[in-house]
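Counting from 1, the numbers follow the sequence of the chain as shown.
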Amino acid sequence: MKYRVIGTAPETRREVSVLSLGTMTFGTTVDEATSYAILDRFVEAGGNFIDTSNNYAFWVNGTQGGESEELVGRWLRSRGIGDEVTVATKLGARPNQPTSGFSLDVEGLSPKVIRESAERSRERLGIERIHLLYAHIMDEHTPLEETVQGFAELVANGTAGLLGASNHWAWRVEKARTLAAAAGVPGYEVLQHHHSYLRQRTDIPSLRSPDGNQGLVSGDLLSYLRDNPSLTRSRTPR
């Protein structure tokens, strides 16, 4: 297994396996025994980077999600695993009501949601600090300054370590990072977007944007990453 360091600050940066294990359907379509077996084998092979989200996988049973975090938490406790495994999760896209379909009725990224959802994720996972916490989607109804400050407060109080963004336009990431730098607070250091050798079209309107799918890696995003080598791009197989 190969490893790399993500993050820059000594107190929050992590050395992680270059392969991160996505656990999107663990606890729903993937039963507990199978999930445990996959997680065990991943760690045996040298993997130490696990990805989940607070809304995984609401669409399976018409819930609000959380099943994946809960399963990962049970596995961590059952195996006596502590800080040696890096756990990444996300918030912002959890539906406000139980549902089996994707919609715009989600929790968003207000400071209140960031604070409360992060704490619930931490409790489900059973860990003292979320090693890497992503803004799962963009929230264009909350001032970006408030979102930036909300995440920074989690780092300050020890709830979260590294911060990241998923499904964001490159310009939104840059704006958020600029705001964080100006305020002297932690900003996004890791990006998670869909990327593979089969490049999808990025210009087809999506549920969240008439301009295309902001969750896909575009040439614009790749160029942005090359110009900002301190940023880490994470593509998580599921």
Side-chain angles (χ1 to χ4, degrees), residues 5-16 20 23 48-56 64-66 68-77 80-94 96 106-168 172-192 230-232 234:
V5 174
I6 57 174
T8 55
E11 62 272 18
T12 57
R13 66 189 180 201
R14 306 281 299 181
E15 183 177 49
V16 299
S20 174
T23 62
N48 69 347
F49 194 8
I50 296 172
D51 181 87
T52 184
S53 175
N54 74 341
N55 72 335
Y56 291 165
Q64 289 176 275
S68 174
E69 287 184 331
E70 290 170 355
L71 184 140
V72 170
R74 291 194 297 272
W75 174 77
L76 290 170
R77 290 188 292 274
I81 292 176
D83 205 46
E84 66 269 25
V85 170
T86 295
V87 178
T89 192
K90 313 174 195 72
L91 59 81
R94 182 177 171 90
N96 287 321
V106 295
E107 60 184 358
L109 297 172
S110 70
K112 181 176 185 292
V113 163
I114 292 170
R115 181 176 61 254
E116 294 178 354
S117 288
E119 183 58 29
R120 284 193 291 268
S121 288
R122 197 185 64 79
E123 291 175 355
R124 281 191 289 267
L125 291 164
I127 56 180
E128 292 187 10
R129 181 171 70 171
I130 300 169
H131 302 119
L132 169 56
L133 182 62
Y134 292 98
H136 202 167
I137 59 171
M138 299 188 305
D139 178 1
E140 296 172 291
H141 301 290
T142 298
L144 194 52
E145 294 85 350
E146 294 182 13
T147 295
V148 167
Q149 190 59 45
F151 276 109
E153 288 175 4
L154 294 185
V155 178
N157 66 27
T159 299
L162 292 170
L163 302 175
S166 179
N167 303 302
H168 278 56
R172 290 278 295 187
V173 174
E174 173 62 15
K175 186 174 181 180
R177 282 165 53 83
T178 298
L179 288 168
V185 299
Y188 299 142
E189 294 190 76
V190 185
L191 303 185
Q192 187 180 100
S230 63
L231 270 171
T232 302
S234 171

Side-chain donor/acceptor of H131 to backbone N/O of V87, under 3.5 Å
yes
Answer yes if the side chains of T23 and S68 hold a donor-acceptor pair under 3.5 Å, and no otherwise.
yes
Taking atom CD of E123 and atom CD of E69, what is their separation to the nearest 0.5 Å?
11.0 Å
Do the charged groups of E119 and R122 touch, with an N to O distance under 4.0 Å?
yes
Hey, are the side chains of D83 and R14 touching, using non-hydrogen atoms and a 4.5 Å cut-off?
yes
I want to check something: taking the side chain as every heavy atom from C-beta on, are L125 and W75 in contact at a cut-off of under 4.5 Å?
no
Any donor-acceptor N or O pair under 3.5 Å, side chains Q192, D51:
yes
CG-OG1 distance between L162 and T8, expressed to the nearest 0.5 angstrom:
8.0 Å
Nearest 0.5 angstrom please: H136 NE2 to N167 CG, how far?
5.5 Å
Side-chain heavy-atom pair L163, V155 within 4.5 angstrom cut-off
yes
Rounded to the nearest 0.5 angstrom, the CG-OG1 distance for L132 and T12 is 10.0 Å
Is a side-chain donor or acceptor of K90 paired with a backbone partner of T52 at a separation under 3.5 angstrom?
yes
Looking only at the side chains, is there a donor atom on one of E146 and S110 sitting less than 3.5 Å from an acceptor on the other?
no
If we only count heavy atoms from C-beta on, is the Y134 to V190 side-chain gap below 4.5 Å?
yes
Side-chain heavy atoms of R74 within contact of L71, under 4.5 Å:
yes
If you measure from the Lys or Arg side-chain nitrogens to the Asp or Glu carboxylate oxygens, is any gap between R172 and D139 under 4.0 Å?
no
Does a side chain donor of either E107 or N54 reach within less than 3.5 Å of an acceptor in the other side chain?
yes
Could you pull out all residues at least two apart from E153 that satisfy side chain to side chain contact (heavy atoms under 4.5 Å, CB included)?
Q149
Heavy-atom count around E128 CD within 6.0 Å, excluding the residue itself: above 12?
no
Any non-hydrogen side-chain atom of L144 less than 4.5 Å from a side-chain atom of K175?
yes
Could you give the distance from NZ (K112) to OG (S117), rounded to the nearest 0.5 Å?
9.0 Å
Side chain proximity check, P111 to T147, heavy atoms < 4.5 angstrom:
no
Heavy-atom closest pair, residues N96 and Q64:
O-NE2, 3.2 Å
Going from CD on E84 to CG on L76, what distance comes out if it is rounded to the nearest 0.5 angstrom?
9.0 Å
Kindly say whether E70 contributes a backbone atom to a donor-acceptor pair with the side chain of R124 at under 3.5 angstrom?
no
Hey, are the side chains of F151 and L91 touching, using non-hydrogen atoms and a 4.5 Å cut-off?
yes
